[in-house]
There are 8 protein chains.
Amino acid sequence: MSFTYNRLDKDNVALLMVDHQAGLLSLVRDFSPDDFKNNVLALADIAKFFEIPTILTTSFEDGPNGPMVPELKETFPQAPYLARPGQINAWDNEEFVAAIKATGKKQLLIAGVVTEVCVAFPALSALEEGYEVFVVTDASGTFNQTTRDAAWDRMSQAGAQLMTWFGVGCELHRDWRNDIEGFGGLLAGHLPAYANLMQSYNQQSQLN
Amino acid sequence: MSFTYNRLDKDNVALLMVDHQAGLLSLVRDFSPDDFKNNVLALADIAKFFEIPTILTTSFEDGPNGPMVPELKETFPQAPYLARPGQINAWDNEEFVAAIKATGKKQLLIAGVVTEVCVAFPALSALEEGYEVFVVTDASGTFNQTTRDAAWDRMSQAGAQLMTWFGVGCELHRDWRNDIEGFGGLLAGHLPAYANLMQSYNQQSQLN
Amino acid sequence: MSFTYNRLDKDNVALLMVDHQAGLLSLVRDFSPDDFKNNVLALADIAKFFEIPTILTTSFEDGPNGPMVPELKETFPQAPYLARPGQINAWDNEEFVAAIKATGKKQLLIAGVVTEVCVAFPALSALEEGYEVFVVTDASGTFNQTTRDAAWDRMSQAGAQLMTWFGVGCELHRDWRNDIEGFGGLLAGHLPAYANLMQSYNQQSQLN
Amino acid sequence: MSFTYNRLDKDNVALLMVDHQAGLLSLVRDFSPDDFKNNVLALADIAKFFEIPTILTTSFEDGPNGPMVPELKETFPQAPYLARPGQINAWDNEEFVAAIKATGKKQLLIAGVVTEVCVAFPALSALEEGYEVFVVTDASGTFNQTTRDAAWDRMSQAGAQLMTWFGVGCELHRDWRNDIEGFGGLLAGHLPAYANLMQSYNQQSQLN
Amino acid sequence: MSFTYNRLDKDNVALLMVDHQAGLLSLVRDFSPDDFKNNVLALADIAKFFEIPTILTTSFEDGPNGPMVPELKETFPQAPYLARPGQINAWDNEEFVAAIKATGKKQLLIAGVVTEVCVAFPALSALEEGYEVFVVTDASGTFNQTTRDAAWDRMSQAGAQLMTWFGVGCELHRDWRNDIEGFGGLLAGHLPAYANLMQSYNQQSQLN
Amino acid sequence: MSFTYNRLDKDNVALLMVDHQAGLLSLVRDFSPDDFKNNVLALADIAKFFEIPTILTTSFEDGPNGPMVPELKETFPQAPYLARPGQINAWDNEEFVAAIKATGKKQLLIAGVVTEVCVAFPALSALEEGYEVFVVTDASGTFNQTTRDAAWDRMSQAGAQLMTWFGVGCELHRDWRNDIEGFGGLLAGHLPAYANLMQSYNQQSQLN
Amino acid sequence: MSFTYNRLDKDNVALLMVDHQAGLLSLVRDFSPDDFKNNVLALADIAKFFEIPTILTTSFEDGPNGPMVPELKETFPQAPYLARPGQINAWDNEEFVAAIKATGKKQLLIAGVVTEVCVAFPALSALEEGYEVFVVTDASGTFNQTTRDAAWDRMSQAGAQLMTWFGVGCELHRDWRNDIEGFGGLLAGHLPAYANLMQSYNQQSQLN
Amino acid sequence: MSFTYNRLDKDNVALLMVDHQAGLLSLVRDFSPDDFKNNVLALADIAKFFEIPTILTTSFEDGPNGPMVPELKETFPQAPYLARPGQINAWDNEEFVAAIKATGKKQLLIAGVVTEVCVAFPALSALEEGYEVFVVTDASGTFNQTTRDAAWDRMSQAGAQLMTWFGVGCELHRDWRNDIEGFGGLLAGHLPAYANLMQSYNQQSQLN
């Protein structure tokens with residue numbers, strides 16, 4: 001029962017952001033709104049920092065589901081953006097899959113709203129096609145804890161790996177020496193407790 | 001370790017509603033009564049919407065366990081209805097299994113009360129017979145969170161997939177264009193937060 | 001330190017429903033959506049059952065706050081309905097206060113969204129003017145438990161009485177013999193666990 | 001703002017057990033069933049131990065609310081037992097109040113189901129009539145934590161004292177020397193953790 | 001990936017009760033004392049009801065760990081009782097294993113205190129020797145929820161099945177007709193909510 | 001027992017921000033870091049929006065307690081800033097009290113870290129001197145929920161009013177018409193769920 | 001409704017430690033064992049640091065309740081130590097009250113096990129006799145959260161002030177300059193998160 | 001699907017303590033600070049007791065992450081101590097891996113901060129290289145429960161075994177007779193509830 005640790009590799013990974021839309025976000029109740037907003041934007045900043053090909057998609061964005069959160073559009077102005085005409089599983093949208101294949105990557109980070117549908121469905125489809133799937137669980141939200149637990153179990157049993165944005169960032173970065181200030185700044189912007197450590201440290205450095 | 005994603009297929013799935021009886025429901029404490037009622041009826045409405053063959057069964061309905069909740073009888077007036085004379089595992093009731101086989105379906109959605117018995121026992125029996133089993137976890141209730149966690153683990157390790165009613169509905173529907181109004185109405189009736197989105201949207205559409 | 005128990009009196013009470021609007025409801029996170037919807041509609045049904053003068057008010061209903069939930073309009077088609085042009089504390093709206101005074105009642109039931117603003121502000125204003133104030137806490141929602149706890153404390157210390165819809169209904173009804181079937185039906189519609197008791201009871205009565 | 005500590009006095013206290021009926025108990029969700037059963041029976045055993053006049057009352061016991069739990073009838077075979085014909089507030093039943101007055105006590109212990117109605121209403125009525133009211137909170141149950149919090153606040157602000165069965169027993173007993181074995185046995189029967197202490201102690205005493 | 005459902009079989013199962021001692025029980029904090037006492041005694045009553053060979057064992061019962069809870073001794077007066085001289089994993093005690101082998105059973109129910117040691121160690125040992133292992137999770141306790149979650153995961157991944165006493169009883173009983181009154185009485189004694197159902201039912205039967 | 005509702009008045013209120021320092025913030029565990037950061041900055045933005053005199057103070061900022069969070073300094077560049085040389089209760093610092101008196105205001109908003117010390121001590125001192133005290137509870141943090149509950153009770157019983165930043169903003173603003181865009185922008189920046197409502201609304205307005 | 005802030009005054013306060021006995025501690029479930037041990041010892045260290053007269057008392061220490069925790073005896077070797085022969089309310093023990101009166105203090109800090117009995121009873125007795133009572137809530141433990149909530153409410157309504165050990169220490173110390181190292185050391189020993197701040201600070205000071 | 005139970009073997013195991021640094025510890029919020037400190041030190045004491053080769057490593061200890069907690073350095077004065085210059089996954093540090101290989105052990109206990117990075121990354125690397133990996137979950141901390149759940153799932157699915165310090169100690173000790181006093185003292189120092197049992201036991205032994 002040998003195990004191979006295929007780490008997230010910034011040269012071999014793409015990010016799928018699925019249905020982070022203003023209306024759908026009001027359904028998310030397994031995170032506080034502040035926490036969830038921070039998690040989603042942290043993941044976006046990580047993708048930008050590591051220049052990871054990112055694909056955005058929405059479902060019925062002109063209806064009650066509402067527009068994609070504007071910060072995502074701003075962070076990824078050049079990213080493929082697929083407003084799906086009706087497919088619930090984004091993988092059923094041929095352009096979406098084509099955009100993924102065009103990246104040439106074999107590792108997929110997936111986050112979305114709601115977890116058991118907009119994340120789980122394309123995650124299972126991607127696994128079937130042989131991709132390595134990493135679910136960014138804290139940038140994915142749903143109705144409540146019960147729904148989340150069931151969705152996580154289904155994806156995990158199918159072979160998806162459950163991660164969170166901080167772990168994703170660290171596994172991609174590998175070594176602080178690759179860019180101490182850049183990565184530190186990214187963390188400080190999304191981890192208030194880490195920002196506090198840095199402020200105390202910096203003040204004391206200046207005082208001495 | 002390849003994975004095949006056999007999606008829920010409305011033409012190949014049957015639903016088993018096991019022991020949703022008025023007395024037994026008083027034992028359910030892992031959901032609020034409002035949430036649980038809504039989840040059970042949402043699942044029933046999904047089955048009706050997709051015309052999924054549904055089989056109802058009860059245990060000792062003339063005793064303390066009480067009658068099946070009336071909304072289920074009303075939703076499925078033509079469904080096979082098996083008042084079991086004593087078998088705890090519904091799969092031990094030959095007529096129940098015969099009714100399932102008569103549907104000719106290979107995917108089974110199962111929900112019931114209580115989870116670790118009325119759901120888990122037939123789920124494990126169905127897995128042994130080669131069915132694909134999808135447990136509708138939020139339409140299945142039990143005594144407390146501990147009991148639920150143990151039951152989920154046992155079923156998941158045996159190969160059952162843990163889902164919730166919303167995921168079931170979406171995986172069956174596949175594409176909103178198949179029936180936007182019908183499916184939207186179904187969701188609005190069981191997701192108050194989604195109904196709110198629709199009301200805001202509709203009002204604004206009228207105003208403009 | 002003598003205490004006088006001024007019970008809720010159906011001939012001396014009015015109900016204020018403040019800002020139960022589709023948009024604002026998406027902010028409520030101290031109840032599950034199913035529970036909160038049920039609580040609000042239960043309170044409305046109680047007011048209708050006891051023919052309590054009810055006043056509806058909204059804040060910026062043509063903007064992001066959204067329209068009042070349609071069930072409330074339907075339940076109270078004749079009720080004064082005040083779409084406030086900007087006042088946050090409904091009591092600052094002269095027509096709203098006039099409508100209250102027109103009822104001639106001295107006891108006020110208040111529910112709204114969000115608790116610490118739309119409920120607390122008019123509650124404190126009403127207390128200052130000498131009304132007896134009963135906050136229907138479970139038909140009032142807000143961002144989280146912390147916010148709720150603070151709001152409850154502020155209102156309670158000012159003299160408001162904290163109630164829930166079931167207690168309101170029972171204190172108004174006083175004696176089941178006033179209308180057994182009517183009140184029982186009301187409870188069955190909003191307390192699934194009580195509905196279950198009634199179904200078991202009724203079935204057994206028919207069997208015997 | 002001087003304070004007088006009127007302790008519970010076994011010669012001046014009566015116990016009111018309100019609506020602990022089999023059906024209504026299924027509504028109680030702020031305690032686990034095991035905990036609540038234990039708390040109610042512990043309170044009953046305390047009343048019996050101290051020979052406190054106890055009054056039992058039920059609401060519609062021939063209907064869905066169900067019969068009073070049999071252990072209470074067995075513990076208090078001689079107690080006044082008032083099956084109320086319809087009054088929700090037991091204090092509105094003249095015989096109930098007469099039975100209380102017949103005890104000649106000025107301190108009232110009250111427990112019941114559900115807290116905000118069957119406990120709060122008679123508690124407030126008793127306070128108005130000048131009784132000292134002690135609510136036995138853990139032998140009183142209701143729908144959920146929110147409902148409980150609101151009910152506690154209303155009663156506390158009106159002057160009722162919130163207690164639990166263990167505190168009631170200890171305040172009545174005052175000094176272990178009054179009956180070490182009797183009171184110790186009572187505690188051991190209802191506090192498994194205390195029973196464990198006694199078993200370890202007794203075994204070691206025998207070994208030495 | 002076929003699955004075989006080897007149900008608990010009352011003719012092929014033995015029960016191991018490991019270290020339910022008065023002192024060790026004070027360490028259990030993942031259940032309320034009332035709930036845990038009830039769960040342990042319910043499991044014992046089930047074993048007695050189905051005449052399942054049961055083996056009791058303790059660790060240092062003359063020291064701080066304290067004596068086995070007296071109810072277990074009383075329920076199983078003839079059971080092998082092994083006071084281990086020092087082995088932490090009961091499976092390291094040859095007499096314990098010999099007693100198990102003497103039963104000739106291949107299915108083992110295991111419960112104990114604390115879960116990650118007294119249950120997990122013999123469970124893993126038994127799995128290695130080819131037994132089918134069923135952990136009775138709610139009759140097994142430990143320090144806190146974190147500890148429990150880790151212990152459950154370790155045992156489940158090794159192949160143990162996680163169950164609870166109610167599921168065990170039902171899987172053994174199979175059909176109510178095997179002994180309706182006996183099994184019903186067992187449940188009523190350990191499920192207060194089910195006892196309430198029976199009381200309401202019985203009263204109504206008598207009234208009619 | 002008449003009640004006077006002295007609303008927060010933007011012309012009669014001052015804000016005290018006590019010890020929001022990088023080191024001390026690491027002690028706060030009754031809020032998630034994201035939530036707490038947002039709450040503190042929201043309160044600061046409110047004070048700036050309404051031009052409320054604000055006084056900042058720190059304790060040993062050159063030591064382990066660390067520097068005041070930089071956003072506060074940036075928001076209030078002109079505010080009195082008192083680095084206390086040792087007084088734990090900021091009210092014991094004469095300059096701090098002098099700064100408060102210099103504002104001429106009689107209503108004080110207080111927030112700080114940790115709640116039971118840095119907030120409660122000056123709150124009680126201010127009450128004694130006749131100020132109206134409003135604690136901004138969600139911009140005040142401490143070690144855990146137990147500590148918070150005790151601190152809130154002590155302050156509330158002494159006459160402080162418990163509020164949260166959203167309630168403070170709304171009670172100060174009084175009427176949306178005073179500045180719809182300004183106040184809406186403030187809310188959108190600190191209430192992600194409200195920002196979502198606005199985005200959906202705005203998109204639809206543009207589409208129509 | 002004027003308020004006087006009588007701060008804890010190290011020259012006018014005594015500490016009562018009631019029934020922190022090895023057996024009784026096993027009943028405490030509203031804190032984790034680690035947290036509770038730390039809280040009790042922190043309070044003891046505070047009393048020692050400020051040389052506050054301290055009185056220890058136990059109940060039946062030769063029986064199942066067990067001996068006082070040894071650290072308390074070691075911290076207060078000269079303190080009055082009253083092994084009560086049977087009085088549950090320590091205030092009923094004349095020597096205990098005499099010891100308190102002998103201190104000449106008018107402020108009493110009280111902590112004990114269990115909260116609603118061993119703390120609440122003497123707290124209420126002391127309030128009646130005109131003492132200022134400060135309950136150290138986190139050094140007082142009981143069976144569960146419900147019991148704690150009721151006990152806190154009863155004491156608070158009677159006029160006791162609810163505090164925690166950290167607040168007690170800070171209110172007594174008043175100004176860090178009175179003894180920076182001593183008080184800092186005390187905090188570091190009982191607040192791991194504060195100790196971490198000090199270690200980071202000290203290392204950086206040495207590096208510079 | 002046979003299972004082999006490779007128990008922790010004190011002669012074949014090494015311990016890796018990863019990044020328990022003063023700054024990083026302030027990020028840990030899935031344990032109370034008291035609990036976490038106790039868990040980490042308990043694990044260290046176990047390693048010392050069984051003379052398990054231990055390797056310490058830190059990340060940027062001269063920066064905001066802060067120094068390793070001093071108790072660990074003191075407990076393992078001779079242990080390899082690797083201050084990594086930048087590698088996030090300690091396994092990427094060649095000296096770290098060399099130190100592990102130098103121990104010649106095939107079982108690795110891993111604990112660290114934060115769980116999903118500093119524990120999970122080397123755990124997965126070690127699994128890939130064929131080590132048996134045992135994660136000491138309660139001596140490993142992270143931002144919140146969600147992050148922990150995801151990290152546990154990823155490690156468990158890869159083949160790591162989830163344990164806690166108490167289970168580790170017991171699995172290593174195997175038999176109390178190997179050193180009753182030593183192991184008992186270790187437990188008493190880190191399990192306050194067990195220390196209480198021992199104190200009661202010892203007192204009674206002396207009395208008799």
Side-chain angles (χ1 to χ4, degrees), chain A residues 1-8 30-32 35-36 39 134-138 140-141 145 148-149 152-153 155-180 183-184 187-188 191-202 204-205, chain H residues 1-4 19 21-29 59-60 62-66 84-93 114-133 142-160:
Chain A
M1 203 163 63
S2 72
F3 167 78
T4 303
Y5 179 20
N6 290 328
R7 304 186 195 192
L8 280 171
D30 55 339
F31 293 96
S32 85
D35 282 344
F36 193 61
N39 293 342
F134 303 82
V135 176
V136 192
T137 56
D138 55 357
S140 302
Q145 185 74 32
R148 172 160 77 182
D149 288 350
W152 284 24
D153 186 86
M155 294 189 286
S156 171
Q157 294 288 49
Q161 295 188 57
L162 305 184
M163 296 191 72
T164 44
W165 71 259
F166 182 73
V168 167
C170 290
E171 192 153 322
L172 288 166
H173 197 50
R174 302 237 171 140
D175 195 309
W176 277 87
R177 290 167 298 186
N178 290 327
D179 182 350
I180 294 182
F183 196 62
L187 296 189
L191 283 177
Y194 201 75
N196 289 334
L197 290 177
M198 292 175 73
Q199 286 159 13
S200 285
Y201 175 78
N202 290 337
Q204 199 175 353
S205 299
Chain H
M1 204 164 61
S2 71
F3 167 77
T4 304
D19 300 353
Q21 295 167 254
L24 295 176
L25 284 169
S26 78
L27 306 177
V28 173
R29 312 254 166 159
S59 164
F60 277 123
D62 296 338
N65 293 354
R84 305 194 307 282
Q87 302 95 342
I88 294 178
N89 181 347
W91 208 269
D92 286 343
N93 182 293
V114 297
T115 311
E116 74 274 28
V117 172
C118 306
V119 178
F121 292 1
L124 297 175
S125 292
L127 285 165
E128 188 177 35
E129 297 215 9
Y131 287 88
E132 295 169 41
V133 173
T142 185
F143 303 105
N144 51 55
Q145 185 75 31
T146 301
T147 305
R148 173 161 77 183
D149 287 351
W152 283 25
D153 186 85
R154 191 184 192 203
M155 296 189 286
S156 172
Q157 293 290 49

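Every chain is numbered from 1 and lettered A, B, ... according to where its sequence line falls, protein lines coming before strand lines.
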Requested in this report: Please step through side-chain contact (heavy atoms from CB on, under 4.5 Å) for the pair T147(H) and W165(A), ending with a clear verdict.
Outcome: CA-CA 9 Å; T147(H) 305; W165(A) 71 259; over 6 Å; no

Side chains of [X] and [Y]: closer than 4.5 Å at any heavy-atom pair?
X	Y	result
I180(A)	F60(H)	yes
D153(H)	W152(A)	no
R154(H)	M163(A)	yes
C170(A)	E116(H)	no

Report task. Check whether N93(H) gets within reach of chain A through its side chain, its backbone, both or neither, counting any heavy atom under 4.5 Å. Result -> neither

Query raised in the report: So what's closer than 4.5 Å to chain A heavy atoms on R29(H): side chain, backbone, both or neither?
Result: side chain

What part of [X] gets within 4.5 angstrom of chain H, counting heavy atoms only: side chain, backbone, both, or neither?
X	answer
Q199(A)	neither
Y194(A)	both
S156(A)	both

Report summary line: Most contact-rich option vs chain A, by heavy-atom pairs under 4.5 angstrom, among S125(H), S26(H), A120(H), G66(H), is S125(H)

Query raised in the report: With chain A, which of Q157(H), E129(H), R84(H) has the greatest number of heavy-atom pairs at distances under 4.5 Å?
Result: Q157(H)

With rounding to the nearest 0.5 Å, note down the distance linking [atom1] in [X] to [atom2] in [Y].
X	Y	atom1	atom2	answer
D35(A)	N144(H)	CG	CG	7.5 Å
L162(A)	T146(H)	CG	OG1	11.5 Å
T115(H)	F166(A)	OG1	CZ	11.0 Å

Requested in this report: Under the side-chain contact (heavy atoms from CB on, under 4.5 Å) rule, what do Y5(A) and L127(H) come out as? Steps first, then yes or no, please.
Outcome: CA-CA 8 Å; Y5(A) 179 20; L127(H) 285 165; over 6 Å; no

Closest approach of [X] to [Y] (non-hydrogen atoms, all atoms of both residues):
X	Y	value
L27(H)	A193(A)	CD2-CB, 3.6 Å
G86(H)	R177(A)	CA-NE, 3.9 Å
F143(H)	L191(A)	CE2-CD2, 3.7 Å
L124(H)	F3(A)	O-CE2, 3.5 Å
F121(H)	G167(A)	CZ-O, 3.5 Å

Report summary line: Interface check, chain H: of H173(A), R174(A), Q145(A), most non-hydrogen pairs under 4.5 Å belong to R174(A)

Query - Carboxylate-amine/guanidinium proximity below 4.0 Å for D149(H) and R148(A) - result: no

